[in-house]
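Structure first, then comments.
Position 1 is the first residue of the sequence; numbering continues from there.
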Amino acid sequence: MVREIQKDELHSLLELYTHLHEIRIPENNEHLVNTWETISNDPNHHIIVCEVEGKIVSSCVCVIIPNLTRNVRPYAFVENVVTHADFRGKGYATACLNFAKELSIKADCYKMMLLTGSKSEKTLDFYRNSGYNSSDKTAFIQWL
């Protein structure tokens with residue numbers, strides 16, 4: 001089942017993120033709680049999850065960003081695409097990305113963007129097969 005995350009599922013999401021690039025679950029402190037509250041209360045911030053037999057096995061974030069160009073149409077940014085290592089290759093991340101696309105269309109977004117740090121052809125092909133391309137724009141990142 002693909003859906004938006006529920007507020008009480010933070011720990012499950014943080015566990016899943018250890019399959020992304022996190023080494024451990026962050027400390028449950030005031031900063032984490034405040035950040036979760038901010039995300040949970042933002043109507044433009046969507047954390048999409050795929051649940052299998054009661055376990056969150058895949059997720060992505062889709063943020064709808066208001067915009068003053070393109071006829072004042074927003075755009076969507078997709079981040080933190082992850083699937084638990086034991087559940088990869090079963091279409092769960094694709095289902096999450098499709099849900100993000102539906103949200104973006106409903107919000108009248110004119111485009112969706114996604115960045116990946118992966119150089120793996122398998123990962124890049126996954127994004128291409130999900131409808132993304134790497135030829136229209138050039139991405140630059142400045143780490144802070």
Side-chain angles (χ1 to χ4, degrees), residues 1-88 90-120 123-124 126-144:
M1 170 178 39
V2 179
R3 58 177 173 77
E4 290 200 52
I5 198 162
Q6 298 171 11
K7 199 165 183 177
D8 65 348
E9 294 177 311
L10 174 61
H11 187 75
S12 296
L13 181 66
L14 295 175
E15 284 180 351
L16 179 62
Y17 281 170
T18 64
H19 294 266
L20 181 61
H21 49 68
E22 298 301 314
I23 296 168
R24 59 182 166 70
I25 295 173
E27 180 183 340
N28 188 3
N29 58 26
E30 185 178 355
H31 180 62
L32 176 66
V33 170
N34 289 341
T35 301
W36 182 238
E37 284 295 318
T38 299
I39 290 169
S40 298
N41 293 326
D42 183 348
N44 289 320
H45 199 132
H46 305 273
I47 299 178
I48 300 155
V49 297
C50 181
E51 179 185 334
V52 175
E53 297 179 6
K55 178 180 178 77
I56 293 176
V57 300
S58 190
S59 180
C60 73
V61 173
C62 178
V63 180
I64 308 296
I65 302 168
N67 181 41
L68 295 172
T69 66
R70 302 288 181 155
N71 203 26
V72 195
R73 291 177 66 198
Y75 57 93
F77 189 77
V78 174
E79 185 64 86
N80 296 334
V81 180
V82 60
T83 301
H84 188 290
D86 296 341
F87 292 85
R88 292 183 181 153
K90 300 180 187 317
Y92 300 135
T94 299
C96 288
L97 290 177
N98 288 340
F99 193 99
K101 185 176 181 179
E102 291 172 19
L103 289 173
S104 300
I105 290 169
K106 185 177 178 184
D108 195 33
C109 293
Y110 77 93
K111 71 177 177 182
M112 295 178 73
M113 296 186 298
L114 178 148
L115 298 173
T116 182
S118 177
K119 305 296 184 220
S120 160
T123 301
L124 299 178
F126 164 72
Y127 290 125
R128 288 183 192 109
N129 291 333
S130 295
Y132 294 86
N133 76 71
S134 58
S135 60
D136 288 346
K137 300 261 185 177
T138 301
F140 290 90
I141 297 174
Q142 183 177 73
W143 297 103
L144 304 176

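- At least one donor-acceptor pair closer than 3.5 Å links the side chain of N67 to the backbone N or O of R73.
- In plain terms, the two heavy atoms of L115 and E79 that are nearest each other are O-OE2, 4.4 Å.
- Here E9 contributes atom CD and R3 contributes atom CZ; the two are 4.0 Å apart, rounded to the nearest 0.5 Å.
- For the atom pair SG (C60) and CG (L20), the distance works out to 11.5 Å, reported to the nearest 0.5 Å.
- The number of heavy-atom neighbours closer than 6.0 Å to CD1 of I141, taken from other residues, nucleotides and ligands shown, is above 12.
- Closest approach of S120 and S118 over heavy atoms only: N-OG, 3.1 Å.
- The CE atom of M113 sits 10.5 Å away from atom SG of C62, with the distance rounded to the nearest 0.5 Å.
- Atom OG1 of T18 and atom CG of L16 lie 7.0 Å apart (nearest 0.5 Å).
- Here the side chains of V2 and N98 are not in contact, with every heavy-atom distance at 4.5 Å or above.
- Side-chain contact check for I65 versus N44: every heavy-atom pair is 4.5 Å or farther apart.
- Pairs engaging residues 44-84 under the ring-ring contact (aromatic ring centres under 6.0 Å, His included) rule: H19-H84, H84-F87 [sequence neighbours left out].
- For the pair S59/I5, no side-chain contact is recorded, criterion being any heavy-atom separation below 4.5 Å from C-beta on.
- For the pair K90 and V52, the minimum side-chain heavy-atom distance is 4.5 Å or more.
- One N or O on the side chain of S58 and one on the backbone of V82 form a donor-acceptor pair closer than 3.5 Å.
- Closest non-hydrogen pair, C109 versus A76, comes out as SG-N, 3.9 Å.
- Between the side chain of R128 and the main chain of N133, no donor-acceptor pair closer than 3.5 Å is present.
- Residues C96 and V81 have side chains not in contact (no heavy-atom distance under 4.5 Å, counting atoms from C-beta outward).
- Separation of atoms OG1 (T116) and NZ (K119) is listed at 8.0 Å; rounding is to 0.5 Å.
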Practice item. I would like to know whether K111 and D136 meet side-chain contact (heavy atoms from CB on, under 4.5 Å); could you show each step before the answer? Key: CA-CA 11 Å; K111 71 177 177 182; D136 288 346; over 6 Å; no
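- More than 12 heavy atoms of other residues, nucleotides or ligands sit less than 6.0 Å from atom NZ of K7.
- Within the 4.5 Å cutoff, side-chain heavy atoms of L14 are placed close to those of L32.
- Taken from OH in Y92 to CD1 in I56, the straight-line distance is 14.0 Å, to the nearest 0.5 Å.
- Partner of I47 under the side chain to side chain contact (heavy atoms under 4.5 Å, CB included) criterion, out of V63, I39, N80: I39 alone.
- Residues L97 and F126 meet the side-chain proximity criterion, which asks for heavy atoms closer than 4.5 Å.
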